[in-house]
Amino acid sequence: MSSDELMEKKLVELLETAWRILKLGPICDSCLGRQFAMLSTGLTNAERGRAIKIALAMSGSLDESDRSLLEELAQSSENARLSLGVEDKKEKCWVCLGEMEPEKLERWADMVVRDLRLLQHDSFLVGTKMSGLLAENEELLLADGGSRWAEPMKSEINREVGKFVSKKTKKTVSFDAPDVLALLDLAKGQVETKIFSLYIMGRYRKLERGFPQTRWPCRDCGGKGCKSCDYTGRRYSESVDELIRDPVIEAARCDDTVFHGAGREDIDARMLGNGRPFVVEAVAPAIREIDLHKLQEEINRRAEGKVEVLDLTLSEKSMVEHLKKALLKKTYFMKVEINQEIPEEKLKSVLSGLVGSIKQRTPTRVSHRRADKVRTRDVYDIQLNEIEGKSAKITIKGSSGLYVKELVSGDGGRTDPSLAGLLGFDAKVIELDVINVGGEADAKVTRNTKEIET
Ligand SMILES: [Zn+2]
Ligand SMILES: [Zn+2]
């Protein structure tokens, strides 16, 4: 096919489709143009529709003696009406029933602006809930018009109302991470707003033993409150999560918080050193501009030395996923008891035998909530810090997911090799601290490690 023939074929397809659509009933510029939305960028659908109507009205004017084309066009095209010299009375679009008229869109925008004014935000997104009637009209148009280049009506409404709102408020539209959403309910004629969570990232240090990282509902009553939990609904009265919750709720004036940690330590372990990365999610915050320095001080003051947070910064939702997936190396400091006195040199050489890969079957103590399988983990480094009688202090650096208590006890042969296994005597951890998560192992407190290493 020559390029002329090709062009002709394409023109025919385009105009035939437009003509087929126009014959279905009076249609506005937007609704017509939307059927060609995927063709040619930098135009609004209203501009596309108008251009097509003009081209067709011009074709209809080619033959002075036959006005039938123009007459068919007249219900939808101003140019056709002008050419015919008839009264300029346009009919209501059968597809959107007037919903796409600029005045109507601007009225929606005014409602959005009014509602969003009450919510602190920098970015927003407009969404549309179609009415049954309009959704049906749109389906008919697509089925009978047969365009291959259409976009959904709600995409156009979202975009055009978003443009108006942005112009009026100077706030930006964000598709990925808006602060607020304004949902236009076409059937009800109402705007519903939704505030997205605010994400604050930091690191925490847990300076005392005996409480978990997150809220822990009572197992007997599931949180309702019963005799065994003293009607608190909780198994533990405190958690890292709850120790930072109230100051965040007050600062962001939010409904609740959700705590996301990069892994967790055992209830009886402390989290020292550079702290563990976490994100706290403020749910539906009325305030997004928070003095994080002040918030940090307030959390630390109220946590009374049980928990300390550092390096608070604003973050985003994607960081939660990132934290959950991050494989962070951990360094532990532990006090171990062996039921036999071991000479220092022997203990050192046995410990060095633990460096390398370790086969760990799911520990008995967590087997009720984890799948039972054998995993391979690594011990990167192990140091004997002190030995006194039957007890020893040991620093160990291992891969993410290494169970160190079992590395010492052997867990009845489920972890191999283990300290107990190599010694031939029982051994167990009696005190455990995590002293580094990610980054380089350093027994001293490092307070300014901002990056999360994976
Ligand atoms: Zn329309
Ligand atoms: Zn209970």
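Computation of the quantities below employed the complete heavy-atom set of this structure, encompassing side-chain atoms and omitting hydrogens, waters and symmetry-equivalent molecules. Each ligand, and each atom within it, is numbered from 1 in the order the structure gives.
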Check: Is any protein N, O or S atom closer than 2.8 Å to the Zn ion (ligand 1), and if so, which?
Finding: Cys28 SG, Cys31 SG, Cys93 SG, Cys96 SG
Would you find a donor on one side and an acceptor on the other, under 3.5 Å apart, between the side chain of [X] and the backbone of [Y]?
| X | Y | value |
| --- | --- | --- |
| Asn79 | Ala57 | no |
| Asp266 | Asp268 | no |
| Arg276 | Ala262 | yes |

Next item on the list: Just to the nearest 10 degrees, tell me the angle at the Zn ion (ligand 2) spanned by Cys229 SG and Cys221 SG.
Entry: 110°
Notebook entry, point to check: So, is the end of the Lys206 side chain (NZ or CZ) under 6.0 Å from the ring centre of Phe211 and within 45° of the ring's axis?
Noted result: yes
Checklist line | With Glu406, the salt bridge (Lys or Arg N to Asp or Glu O under 4.0 Å) member among Lys359, Arg365, Lys428 | finding: Arg365
Next item on the list: Assign the ring pair Tyr199 / His260 to parallel, tilted or perpendicular, where the plane angle (0 to 90°) is split at 30° and 60°.
Entry: tilted
